Amino acid sequence: MDARGNQNLSSVLGWVSIACWLVVYSPQIIENYQLKSGEGLSVPFVVIWLAGDLCSLTGSVLAGLLPNIIILSAYYAVCDSILLFQIYYYRRTNPALSKGSLLIPDEPPVSSEYPDESIPLLDSQGEKANPPMVREVIKYAGALVFVSAVGVVAWTVDEYFHKGASSSKPDEVLEWKSQALGWASAAMFLGARIPQIVKNVSTRCAGLSPFLFVYSITGNTTYFLAILAASMDMKHLIANASWIAGSTLTVFLDVFVLCQFMYYQTIDRRTSHRRAGC
């Protein structure tokens with residue numbers, strides 16, 4: 001593959017990654033707004049994620065990495081701050097809900113003794129909490145196709161307006177400060193998933209949007225593929241090694257979170273069917 005082909009592929013993947021990350025936080029922000037609670041998220045998860053994004057942003061600027069890497073890091077930091085704000089805002093404005101459980105009770109009473117609509121995720125919302133798996137898969141697949149198409153369209157528009165313009169790639173700098181920040185951010189991205197995975201065991205993933213992790217997987221995958229497509233030169237790979245490692249390894253942990261979603265949805269669905277049969 002020639003140099004131009006690599007750059008075109010890298011640009012397409014970069015735009016798809018940007019499209020994914022532009023919407024990745026939206027489902028969780030909307031979920032928090034609808035529930036008037038951010039308790040589905042682990043606070044350490046968001047805090048460590050924010051710290052990792054700030055390290056990534058600083059390191060990518062110091063190293064002179066690809067523009068899409070710098071843009072994404074800055075955008076991540078803003079969205080992390082919004083999620084953190086939601087958690088504490090709803091804890092202040094809706095303390096009763098924040099102290100309560102987001103889980104559907106294992107043994108709900110036969111008659112309705114809970115007229116208070118502030119109680120989250122009751123049986124009346126059972127279908128919303130446990131939609132059919134096929135419908136969910138179709139929804140995620142359709143959303144991914146749409147977002148990927150938006151990324152390709154964005155690349156096409158960018159190519160049209162910059163047609164004939166000389167694209168100068170920024171010089172990548174190999175120095176210890178940017179590399180240290182890059183590896184620190186990669187470690188934080190990995191470590192941030194651990195408290196969320198642990199919290200999911202107690203909350204059964206209630207109040208957490210699976211779209212957050214679906215888009216995260218797609219965004220991270222296209223993200224590191226864009227870096228590889230740009231160049232396979234050893235200096236380029238070393239300069240971007242921490243960002244490649246952080247993206248690829250977090251994909252595996254995000255897949256694990258999705259497995260938690262599917263596991264608890266399956267358990268809850270079986271429980272619902274058992275109750276319906278009684």
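Predicted model, so just to flag it, every value in this text is computed and none were measured. Quick note: residue numbers are just sequence positions, from 1. Heavy atoms only: backbone and side chains are in, while hydrogens, waters and symmetry mates are out.
- Under the 4.5 Å side-chain criterion, counting only non-hydrogen atoms from C-beta, Leu208 is not in contact with Thr203.
- Under the 4.5 Å side-chain criterion, counting only non-hydrogen atoms from C-beta, Ile87 is not in contact with Leu83.
- Ser216 meets the side-chain contact (heavy atoms from CB on, under 4.5 Å) test with Trp21, Val24, Arg193, Asn220, Asp254; sequence neighbours excluded.
- Leu249 and Ile48 are not part of a single hydrophobic cluster, where members link through side-chain heavy atoms under 4.5 Å apart.
- Of the possible polar contacts, one joining the His236 side chain to the Ile227 backbone as a donor-acceptor pair under 3.5 Å is found.
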Without placing hydrogens or testing angles, list every side-chain donor-acceptor pair under 3.5 Å for residues 185-192, not counting sequence neighbours.
unit_1: Ser185; atom_1: OG; unit_2: Leu181; atom_2: O; d: 3.4
unit_1: Ser185; atom_1: OG; unit_2: Gly182; atom_2: O; d: 2.6

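- With hydrogens and angles disregarded, a donor-acceptor distance shorter than 3.5 Å links the side chain of Thr250 to the backbone of Ser247.
- With hydrogens and angles disregarded, a donor-acceptor distance shorter than 3.5 Å links the side chain of Tyr75 to the backbone of Leu22.
- By the 4.5 Å heavy-atom criterion applied to side chains, Leu253 and Phe213 are not counted as neighbours.
- Rounding to the nearest 0.5 Å places CD of Gln34 at 12.5 Å from OG of Ser37.
- Linking ILVMFWY residues whenever their side-chain heavy atoms come closer than 4.5 Å, directly or via other members, places Val78 and Tyr88 in the same cluster.
- Counting all heavy atoms, side chain and backbone alike, Asn32 lies closest to Tyr90 at O-CE1, 3.6 Å.
- Taking 4.5 Å as the limit, some side-chain heavy atom of Ser81 sits within range of a side-chain heavy atom of Leu50.
- Not a single donor-acceptor pair under 3.5 Å links the side chain of Gln260 to the backbone N or O of Arg204.
- Side-chain contact between Asp80 and Tyr25 is present, with at least one heavy-atom pair separated by less than 4.5 Å.
- A donor-acceptor contact shorter than 3.5 Å is absent between the side chain of Gln28 and the backbone of Leu212.
- One N or O on the side chain of Thr248 and one on the backbone of Ala245 form a donor-acceptor pair closer than 3.5 Å.
- Note on Met232 and Phe224: same hydrophobic cluster, where clusters join Ile, Leu, Val, Met, Phe, Trp and Tyr whose side-chain heavy atoms are under 4.5 Å apart, directly or indirectly.
- Here Tyr89 pairs with Phe85 under the ring-ring contact (aromatic ring centres under 6.0 Å, His included) rule; sequence neighbours left out.
- Under the 4.5 Å side-chain heavy-atom criterion for ILVMFWY residues, a single connected hydrophobic cluster contains both Leu41 and Phe256.
- With sequence neighbours excluded, no residue satisfies side chain to side chain donor-acceptor pair (under 3.5 Å) with Thr221.
- Nearest heavy atom pair, residue Gly207 against residue Leu35, reads CA-CD1, 3.6 Å.
- Partners of Asp53 by side chain to side chain donor-acceptor pair (under 3.5 Å), not counting sequence neighbours: none found.
- Counting heavy atoms from C-beta on, the side chains of Trp15 and Thr222 never come closer than 4.5 Å.
- Counting only distance, with no hydrogens or angles, the side chain of Gln86 and the backbone of Ile29 share a donor-acceptor pair below 3.5 Å.
- Looking only at distances, no side-chain donor or acceptor of Lys199 sits under 3.5 Å from a matching main-chain atom of Gly40.
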Audit row: Thr218, Val147, side chain to side chain contact (heavy atoms under 4.5 Å, CB included) steps and yes/no = CA-CA 10 Å; Thr218 308; Val147 171; over 6 Å; no

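- Under a hydrophobic-cluster definition in which Ile, Leu, Val, Met, Phe, Trp and Tyr are linked whenever side-chain heavy atoms come within less than 4.5 Å, directly or via other members, Ile197 and Phe252 are assigned to different clusters.
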key: CA sep, side-chain torsions, deciding dist, call: Leu228, Leu237, side chain to side chain contact (heavy atoms under 4.5 Å, CB included)   = CA-CA 7 Å; Leu228 296 180; Leu237 295 178; 3.7 Å; yes

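- Remark: Tyr215 OH to Ser26 OG distance equals 8.5 Å, nearest 0.5 Å.
- Taking every heavy atom of both residues into account, Leu13 and Ala229 meet most closely at CD1-CB, 4.3 Å.
- At least one side-chain heavy atom of Ile70 sits less than 4.5 Å from a side-chain heavy atom of Leu57.
- When side chains are defined from C-beta on, Leu258 counts as touching Ile217, because their heavy atoms get closer than 4.5 Å.
- Considering every non-hydrogen atom in both Tyr223 and Ser17, the closest pair reads CB-OG, 3.5 Å.
- Under a 3.5 Å cut-off, the side chain of Asn200 and the backbone N or O of Gln196 do form a donor-acceptor pair.
- Scanning for ring-ring contact (aromatic ring centres under 6.0 Å, His included) contacts around Phe45 gives Trp49, with sequence neighbours left out.
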